[in-house]
2 protein chains.
Amino acid sequence: MIKTSHISERTIGRLSLYRRLLHQLQADEKVNVFSHEIAQLSGVTAAQVRRDLMAIGYSGSSVHGYDVYQLNDSISRFLDAPQIQNVALVGVGNLGQAVLTYLSGRRPKLSIVAAFDKNPVKVNRVINGCRCYPMNEFAAQVQQQKIEVGIIAVPGSEAQAVCDTMVASGIRGIVNFAPATLKTPTGVHVEVLDMAVSLEKAAYFARIG
Amino acid sequence: MIKTSHISERTIGRLSLYRRLLHQLQADEKVNVFSHEIAQLSGVTAAQVRRDLMAIGYSGSSVHGYDVYQLNDSISRFLDAPQIQNVALVGVGNLGQAVLTYLSGRRPKLSIVAAFDKNPVKVNRVINGCRCYPMNEFAAQVQQQKIEVGIIAVPGSEAQAVCDTMVASGIRGIVNFAPATLKTPTGVHVEVLDMAVSLEKAAYFARIG
DNA sequence: TTATAACTGTGAAAAAAATAACAGCGTTAC
DNA sequence: GTAACGCTGTTATTTTTTTCACAGTTATAA
Ligand SMILES: NC(=O)c1ccc[n+]([C@@H]2O[C@H](COP(=O)([O-])OP(=O)(O)OC[C@H]3O[C@@H](n4cnc5c(N)ncnc54)[C@H](O)[C@@H]3O)[C@@H](O)[C@H]2O)c1
Ligand SMILES: NC(=O)c1ccc[n+]([C@@H]2O[C@H](COP(=O)([O-])OP(=O)(O)OC[C@H]3O[C@@H](n4cnc5c(N)ncnc54)[C@H](O)[C@@H]3O)[C@@H](O)[C@H]2O)c1
């Protein structure tokens, strides 16, 4: 039986945050860091930080706190796949192109290796160093390039269909920008980035506090 | 003493989701809807839906469920300000322009009435029907146009400074796209839309399940 | 050496969120 | 008329997440 010491989604998100911050600290040549410093920089409590780090089994010292380099490394070993994970983007519109630009060459371990669109005008061009394929080549490219993660940036009305294509092609991690609730079989994870909802929340709390 | 029957952030987010879905149902001329239908469409449980609706004090009927129009209306009265809430966007780059296009004319109650950038090339032009101002006019425009919500789409290194400007100008609801944890005084709400974190989470769960 | 100090790791407690459970209620079927 | 049905509103329960609190640890200083 595999010991799946379950780590919550929340914790994964925070670990990603901590890592980004540690990267910055490393650039600043900081060698050690305390839980309360990480907490301060990431907007959580020190206890939360310690608990999250406990989850990945990294131990610090009571005097020097955590070694920035080692902690960074530990989180990376935990979060990242041993090899590169390839990503596909579907929907090369306004947002899709911004995302392509943004991610282009930024993360070594997670790179968008193929874009897809149903619009023939966009297809078979290279945009920000990324080739744009027609949708009917989706499954083949996913298999060929071992793509594991999908980003959906098509209109809401098309999102479920695109999602289904992704799932059918074996993708099990999806980032969804479209204003649509996707239905997926268990085992497929969807990260929701819903701007409309976020804006409404911000507006609500701007009023209510 | 004001009876602030506290409604959780989570619930606010779901209400926004339900409303979007009800809007669609209305377009489909559906008159009534049951909690389990809303649940199904929004990916939560029926009990959760009923609990959320309880929070805003809307009651349905045990036979016909909820009246689509009325529920929509109830949620809107709860979520929306009585009058329009104006929004400012800071950072008219790739993402900022996509956001401008996306929101342009889409929501009557929440419209971006001003964009800001520090790049002189972008300033004093109209982009998607929205005027782009230089940053030094920020406070004045916020006051003049009664802007209550801000969207941050500048590089991470600039985000805190922009945030501080927003807070100083009286903005109390912020949507942040930058990969930075913002520090704000209590009473200011920040909605985080962190693509880097979401992508890493999706990649992690694509592997781990 | 021994006290002091500041931190970590973690069990225990608290808080928050989600789920389950069910009484009550119109409607329909008979 | 009344029994059965399928839903809501809400209370109770469970689960998840966060925070608290403190024993244990290691450097430092007296
Ligand atoms: N633009 C933004 O800033 C923004 C912000 C938040 C959310 N969104 C959401 O992101 C999505 C994309 O927004 P956008 O502004 O880039 O829209 P867009 O219209 O500019 O681009 C959509 C692209 O998807 C392509 N497409 C449509 N259906 C497709 C399909 N079935 N298969 C493959 N490609 C398809 C279109 O050809 C087009 O290139 C939308 O769901 C939108 O609601 C956008
Ligand atoms: N492009 C994307 O798809 C994407 C996705 C996720 C997150 N982000 C984040 O969103 C932010 C914007 O991304 P982008 O791709 O649009 O970048 P960009 O470089 O294209 O645009 C940034 C804009 O902000 C302006 N700017 C910089 N500093 C400023 C300041 N202090 N005040 C006012 N304006 C300022 C610049 O002049 C530029 O126009 C970044 O933080 C990025 O990490 C972008």
Side-chain angles (χ1 to χ4, degrees), chain A residues 4-18 22 25 30-72 74-75 78 181 186 189 192 197 201 205, chain B residues 4-18 22 25 30-72 74-75 78 181 186 189 192 197 201 205:
Chain A
T4 313
S5 66
H6 187 66
I7 293 188
S8 82
E9 210 176 310
R10 290 286 201 25
T11 293
I12 300 296
R14 284 190 298 263
L15 286 171
S16 168
L17 223 56
Y18 302 158
L22 288 167
L25 293 182
K30 196 159 162 50
V31 177
N32 298 110
V33 67
F34 296 118
S35 63
H36 69 261
E37 294 178 295
I38 298 178
Q40 152 84 16
L41 292 168
S42 54
V44 303
T45 65
Q48 182 81 85
V49 170
R50 294 202 297 275
R51 196 159 270 290
D52 288 336
L53 299 189
M54 194 169 85
I56 62 167
Y58 182 77
S59 279
S61 117
S62 42
V63 179
H64 301 113
Y66 306 95
D67 178 292
V68 173
Y69 177 83
Q70 278 179 24
L71 177 53
N72 199 336
S74 267
I75 296 179
F78 180 80
T181 302
T186 50
H189 180 87
V192 177
V197 167
K201 281 174 72 184
F205 287 110
Chain B
T4 313
S5 66
H6 187 67
I7 293 189
S8 80
E9 210 177 308
R10 292 301 218 352
T11 293
I12 301 297
R14 284 190 298 263
L15 286 169
S16 168
L17 221 57
Y18 302 157
L22 288 166
L25 293 181
K30 195 158 163 53
V31 177
N32 298 109
V33 67
F34 296 117
S35 63
H36 69 261
E37 295 178 295
I38 297 177
Q40 152 85 17
L41 291 167
S42 54
V44 303
T45 65
Q48 182 81 84
V49 171
R50 294 203 296 277
R51 186 165 269 291
D52 288 336
L53 298 189
M54 192 169 86
I56 62 168
Y58 182 78
S59 280
S61 117
S62 43
V63 180
H64 300 112
Y66 305 96
D67 178 294
V68 173
Y69 176 83
Q70 278 179 24
L71 177 53
N72 199 337
S74 266
I75 296 179
F78 179 81
T181 303
T186 49
H189 180 87
V192 177
V197 168
K201 281 174 70 182
F205 288 110

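First the proteins, then the strands, lettered A, B, ... as listed; each starts at 1.
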Under 3.5 Å donor-acceptor, A:Glu37 side chain and A:Phe34 backbone: yes
Check nucleotides 23-27 of chain D for protein N or O atoms closer than 3.5 Å to its own N or O atoms and list the pairs.
| unit_1 | atom_1 | unit_2 | atom_2 | d |
| --- | --- | --- | --- | --- |
| D:dT25 | O2 | A:Ser62 | OG | 2.9 |

Under-3.5 Å donor-acceptor pair between A:Arg51 side chain and D:dT19 base: yes
Sugar-phosphate only, base, or nothing, as touched by A:Thr11 at under 4.0 Å among non-hydrogen atoms: nothing
Verdict with supporting geometry, B:Leu71 and B:Tyr18, side-chain contact (heavy atoms from CB on, under 4.5 Å): CA-CA 9 Å; B:Leu71 177 53; B:Tyr18 302 157; over 6 Å; no
Distance, rounded to the nearest Å, where B:Arg50 contributes CZ and D:dT11 contributes P: 14 Å
Distance in angstrom units between B:Ile56 CD1 and D:dG9 C1', rounded: 14 Å
Between P of D:dG9 and CD1 of B:Ile38, the distance in whole Å: 10 Å
B:Gln48 side, atom CD; B:Leu53 side, atom CG - distance, nearest 0.5 Å: 10.0 Å
Step-by-step side-chain contact (heavy atoms from CB on, under 4.5 Å) determination, B:Val44 to B:Val49: CA-CA 7 Å; B:Val44 303; B:Val49 171; 3.6 Å; yes
Separation of atom CD in A:Glu9 from atom P in D:dT18, rounded to whole Å: 12 Å
A:Val197/B:Ile12 under side-chain contact (heavy atoms from CB on, under 4.5 Å): CA gap, chis, key distance, verdict: CA-CA 9 Å; A:Val197 167; B:Ile12 301 297; over 6 Å; no
For chain A, the stretch of DNA chain C it reaches, first to last nucleotide, under 4.0 Å of its heavy atoms: C:dC7 to C:dA12
Mutual orientation of the aromatic rings belonging to B:Tyr58 and B:Tyr66 [parallel < 30°, tilted 30-60°, perpendicular > 60°]: tilted
Non-hydrogen side-chain atoms of A:Asp67 and A:Asn72 separated by less than 4.5 Å: no
Within-4.5 Å side-chain heavy-atom neighbours: B:Leu25 and B:Leu41: yes
Atom-to-atom span, CG of B:Asp52 to P of D:dT8 - whole angstrom: 14 Å
Between C1' of D:dT15 and CZ of B:Arg10, the distance in whole Å: 13 Å
Euclidean distance, atom CD of residue B:Gln48 to atom P of D:dT16 [Å, nearest integer]: 14 Å
Distance in angstrom units between B:Tyr58 OH and D:dT8 C1', rounded: 12 Å
